[in-house]
Colleague: 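Following this message is one structure expressed as structure tokens.
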Amino acid sequence: MFLGGMKLRLGYDFYRRDALIVAKELLGMHLVRVIDGKRLVCRIVETEAYRGPEDKGCHAYNNRRTGRTEVMFRPGGCAYIYFIYGMYYMLNIVAAAADEPQAVLIRAGQPLEGVELMQARRPKAGSRYQLLNGPGKLCQALDIDLSLNGYDLAAGEELFLERPMEQIREPITQSKRINIDYAEEWKDKPWRFYFKGNPYVSRPD
DNA sequence: TCTACGATTTACT
DNA sequence: GTAAATCGTAGAA
């Protein structure tokens with residue numbers, strides 16, 4: 001058997017833990033998007049945790065349950081996707097147990113497979129470093145929109161995550177989350193995780 | 001109904 | 001550095 005390229009698909013147990021753990025451990029995992037049988041793959045290099053009813057930065061703060069936030073109340077392992085600024089989609093991974101509305105925003109990735117298809121979807125990207133270095137850009141490049149909201153990442157074949165057999169070791173650092181100034185005392189929580197110095201992150205520090 | 005605004009990106013000064 | 005683009009969502013009226 002060819003072990004070199006073997007990967008293990010992430011199952012429900014991976015996702016059904018605290019969003020802070022999931023956010024950190026998602027770094028280095030491979031995000032796979034299949035379109036017309038073609039694989040678009042990136043390595044996750046930046047995430048942010050949004051941590052349920054207590055977190056003023058979270059859409060589900062105070063257990064706010066609406067059409068938009070509904071999927072966050074499902075057990076971990078599905079996608080929470082929302083539309084913002086009238087033009088961008090954001091991809092989140094739902095974490096924790098049912099009725100614990102936590103999620104992890106996927107903020108940036110390193111393109112690995114299907115790079116030409118990503119470039120075709122993002123003609124404005126000046127280089128491979130700008131293909132997936134932001135949550136809106138990542139969804140644009142991977143053709144992720146509301147049709148995938150609630151998608152089962154452990155069972156589906158169009159969008160899922162894999163753990164590569166040989167992980168590249170990189171130091172992890174953390175900082176404040178981006179653009180949540182409205183979150184008052186929660187805005188400064190260091191719940192953004194990323195690989196220190198990695199050229200594919202949305203903003204260096 | 002009506003209004004304000006956003007877990008962003010891009011172009012421009 | 002600043003501002004425009006562009007529209008669904010949430011909350012108020």
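Order of the sequence lines sets the chain letters (A, B, ...), proteins ahead of strands, with each chain counted from 1. Excluded from the calculations below are hydrogen atoms, water molecules and symmetry mates; all remaining heavy atoms, backbone and side chain alike, are included.
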Colleague: Do A:Ile84 and A:Tyr80 share a hydrophobic cluster, counting only Ile, Leu, Val, Met, Phe, Trp and Tyr and linking them when any side-chain heavy atoms are less than 4.5 Å apart?
Modeller: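 Hydrophobic grouping puts A:Ile84 with A:Tyr80.
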Colleague: Would you list the protein and nucleotides 11-13 of chain C atom pairs, both N or O, that sit under 3.5 Å from each other?
Modeller:
unit_1, atom_1, unit_2, atom_2, d
C:dG11, OP1, A:Arg64, NH1, 3.0

Colleague: Extract the stems that DNA chain C is part of, considering only consecutive pairing runs of at least three Watson-Crick or G-U wobble pairs, both distances under 3.5 Å.
Modeller: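 Stems for DNA chain C, defined as runs of 3 or more consecutive pairs: B:1-6 with C:7-12, B:8-12 with C:1-5.
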Colleague: Over all heavy atoms of both residues, which pair between A:Phe73 and A:Asn63 is shortest? Give the atoms and the distance, please.
Modeller: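 Closest heavy-atom pair between A:Phe73 and A:Asn63: CE2-OD1, 3.6 Å.
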Colleague: Determine, for nucleotides 3-13 of chain B in 5'-to-3' order, which nucleotides have protein heavy atoms under 4.0 Å from the base (write B), from only the sugar-phosphate (write S), or from neither (write -).
Modeller: ---BBBSSS--
Colleague: Quickly work out the A:Asp145 CG to C:dC7 P distance and round it to whole Å.
Modeller: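 About 15 Å, once rounded to whole Å.
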Colleague: Salt bridge or not between A:Asp205 and A:Lys176? Use side-chain N to carboxylate O under 4.0 Å.
Modeller: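 The answer is no: the pair does not qualify as a salt bridge.
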Colleague: Check this for me: does any side-chain nitrogen of one of A:Glu54 and A:Lys189 sit under 4.0 Å from a carboxylate oxygen of the other?
Modeller: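 The answer is no: the pair does not qualify as a salt bridge.
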Colleague: When clusters are formed by joining ILVMFWY residues with side-chain heavy atoms under 4.5 Å apart, either directly or through shared neighbours, do A:Leu105 and A:Ile144 land in the same one?
Modeller: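 Not linked; separate clusters.
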Colleague: Look at the rings of A:Trp191 and A:Trp186 and say which category their plane angle falls in: under 30° parallel, 30 to 60° tilted, over 60° perpendicular.
Modeller: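 Correct class here is tilted.
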Colleague: List the atom of A:Val22, the atom of A:Phe14, and the distance in Å for their closest heavy-atom pair.
Modeller: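 So the two residues come closest at CG2-O, 3.6 Å.
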Colleague: Would you indicate whether the side-chain heavy atoms of A:Leu159 and A:Leu31 approach each other to under 4.5 Å?
Modeller: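 The answer is yes, as the side chains (C-beta and beyond) meet within the 4.5 Å cut-off.
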Colleague: Under a 3.5 Å cutoff, is there a donor and acceptor pairing between the side chains of A:Tyr89 and A:Asp143?
Modeller: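 Checked: A:Tyr89/A:Asp143 side chains show no N/O donor-acceptor pair below 3.5 Å.
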Colleague: Between A:Met29 and A:Leu8, is there a shared hydrophobic cluster once you connect ILVMFWY residues whose side-chain heavy atoms come closer than 4.5 Å?
Modeller: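 Each belongs to a different hydrophobic cluster.
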